[in-house]
A.B. asks: 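This structure is in structure tokens; I'll ask about it shortly.
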Amino acid sequence: QVQLVESGGDSVQDGGSLRLTCAASVYNYSSYCMAWFRQGPGMRREGVAAAYTAADYTYVMDSLRDRFAISRDNAKKTLYLQMNSLKPDDTAMYYCAASDCPRGWVLLADQNFNYWGQGTQVTVSS
């Protein structure tokens with residue numbers, strides 16, 4: 001069983017920064033692919049970034065790559081999402097997700113992730 005708890009969401013001004021944290025309760029954390037998704041008001045949930053099992057193998061959605069960065073600390077069983085230069089369009093509930101990913105990589109899509117946190121709200125005001 002994998003339990004994921006997100007934190008770090010907040011209300012910030014346009015141009016601000018936040019760091020989201022996802023703490024995992026799982027035995028072999030390093031074997032899981034981890035990701036961040038988000039769902040804005042009236043929007044479909046979308047993949048934001050992923051951190052795979054291979055060291056330093058990460059992916060960030062193209063449109064966010066210049067502002068967002070994902071990282072993981074396997075010793076602490078924690079996933080991070082650093083978000084800079086935030087915009088009102090970034091307003092969303094942000095979810096942490098984990099995938100068994102036996103190949104060490106999965107496409108960043110809802111159906112490929114088995115475990116989900118409850119989410120943390122990010123609100124960016126202009």
Side-chain angles (χ1 to χ4, degrees):
Q1 186 71 17
V2 179
Q3 292 185 326
L4 304 172
V5 179
E6 304 96 332
S7 62
D10 204 348
S11 296
V12 296
Q13 294 289 317
D14 192 350
S17 296
L18 285 173
R19 187 172 82 155
L20 305 184
T21 298
C22 171
S25 296
V26 63
Y27 174 67
N28 51 343
Y29 175 78
S30 62
S31 70
Y32 288 84
C33 292
M34 302 297 297
W36 289 100
F37 288 77
R38 70 181 182 181
Q39 187 168 20
M43 306 288 285
R44 289 174 52 246
R45 189 159 58 186
E46 63 178 353
V48 172
Y52 299 108
T53 59
D56 299 325
Y57 182 23
T58 61
Y59 167 80
V60 179
M61 188 165 67
D62 287 352
S63 62
L64 299 176
R65 197 164 294 162
D66 59 340
R67 300 188 293 119
F68 288 18
I70 188 171
S71 60
R72 63 189 296 168
D73 185 331
N74 288 337
K76 295 182 178 180
K77 299 183 180 181
T78 302
L79 182 72
Y80 303 100
L81 183 68
Q82 179 66 43
M83 306 186 294
N84 299 323
S85 303
L86 283 162
K87 304 175 181 179
D89 284 350
D90 296 318
T91 294
M93 184 71 79
Y94 284 72
Y95 297 92
C96 176
S99 170
D100 294 316
C101 71
R103 298 180 180 178
W105 174 92
V106 290
L107 190 65
L108 184 57
D110 281 27
Q111 63 267 30
N112 293 329
F113 286 81
N114 317 87
Y115 310 99
W116 294 83
Q118 293 299 306
T120 187
Q121 178 68 38
V122 172
T123 302
V124 185
S125 56
S126 56

A.B. asks: Do Met34 and Leu64 sit in one hydrophobic cluster, given that two such residues count as connected whenever their side-chain heavy atoms are within less than 4.5 Å of each other, even indirectly?
C.D. replies: yes
A.B. asks: Sequence neighbours left out, cut at 3.5 Å: what donor-acceptor pairs do the side chains of residues 114-124 make with other protein atoms?
C.D. replies:
| residue | atom | partner | partner atom | Å |
| --- | --- | --- | --- | --- |
| Asn114 | OD1 | Asp100 | N | 2.9 |
| Trp116 | NE1 | Phe113 | O | 3.2 |
| Thr120 | OG1 | Gly9 | N | 3.0 |
| Gln121 | NE2 | Ala92 | O | 3.4 |
| Gln121 | NE2 | Thr123 | OG1 | 3.4 |

A.B. asks: What donor-acceptor contacts under 3.5 angstrom involve side-chain atoms of residues 36-50, with partners at least two apart or in another chain?
C.D. replies:
| residue | atom | partner | partner atom | Å |
| --- | --- | --- | --- | --- |
| Trp36 | NE1 | Tyr80 | O | 3.3 |
| Arg38 | NE | Glu46 | OE2 | 2.7 |
| Arg38 | NH1 | Asp90 | OD1 | 2.9 |
| Arg38 | NH1 | Tyr94 | OH | 3.0 |
| Arg38 | NH2 | Glu46 | OE2 | 3.1 |
| Gln39 | NE2 | Met43 | O | 3.0 |
| Arg45 | NE | Asp110 | OD2 | 3.2 |
| Arg45 | NH2 | Asp110 | OD2 | 3.3 |

A.B. asks: Any side-chain heavy atom of Met61 within less than 4.5 Å of one from Phe68?
C.D. replies: no
A.B. asks: Using distance only, find each side-chain donor-acceptor pair of residues 12-26 under 3.5 Å and give its atom names and separation, not counting sequence neighbours.
C.D. replies:
| residue | atom | partner | partner atom | Å |
| --- | --- | --- | --- | --- |
| Gln13 | NE2 | Ser125 | OG | 3.4 |
| Ser17 | OG | Asn84 | OD1 | 3.1 |

A.B. asks: Give a yes or no on whether Val106 and Tyr57 share a hydrophobic cluster (residues Ile, Leu, Val, Met, Phe, Trp, Tyr; joining criterion: side-chain heavy atoms under 4.5 Å apart).
C.D. replies: yes
A.B. asks: According to side chain to side chain donor-acceptor pair (under 3.5 Å), who are the partners of Ser30, at least two apart in sequence or on a separate chain?
C.D. replies: none
A.B. asks: Which heavy atom in Val60 sits nearest to a heavy atom in Ala69, and how many Å separate them?
C.D. replies: CG2-CA, 4.5 Å
A.B. asks: I need the Asn74 CG to Tyr32 OH distance, nearest 0.5 Å.
C.D. replies: 12.5 Å
A.B. asks: Search all heavy atoms of Ala98 against all heavy atoms of Leu4 and return the closest pair with its distance.
C.D. replies: N-CD1, 3.8 Å
A.B. asks: Going by the salt bridge (charged side-chain N to carboxylate O under 4.0 Å, His left out) test, which pairs reach into residues 68-86, not counting sequence neighbours?
C.D. replies: none
A.B. asks: Any disulfide (SG to SG under 2.5 Å) pairs touching residues 97-126, not counting sequence neighbours?
C.D. replies: Cys33-Cys101
A.B. asks: Which distance, rounded to the nearest 0.5 Å, do you find between the CG of Leu79 and the OG1 of Thr58?
C.D. replies: 10.5 Å
A.B. asks: Which residues pass the salt bridge (charged side-chain N to carboxylate O under 4.0 Å, His left out) test with Asp62, not counting sequence neighbours?
C.D. replies: Arg65
A.B. asks: Just to verify, what does Ser85 make a side-chain contact (heavy atoms from CB on, under 4.5 Å) with, not counting sequence neighbours?
C.D. replies: Arg67
A.B. asks: Is there a chain of hydrophobic side chains (I, L, V, M, F, W, Y, each step under 4.5 Å between heavy atoms) that links Ile70 to Leu107?
C.D. replies: no
A.B. asks: Do the side chains of Tyr27 and Val2 join up, straight or via other hydrophobic residues, at under 4.5 Å, putting them in one cluster?
C.D. replies: no
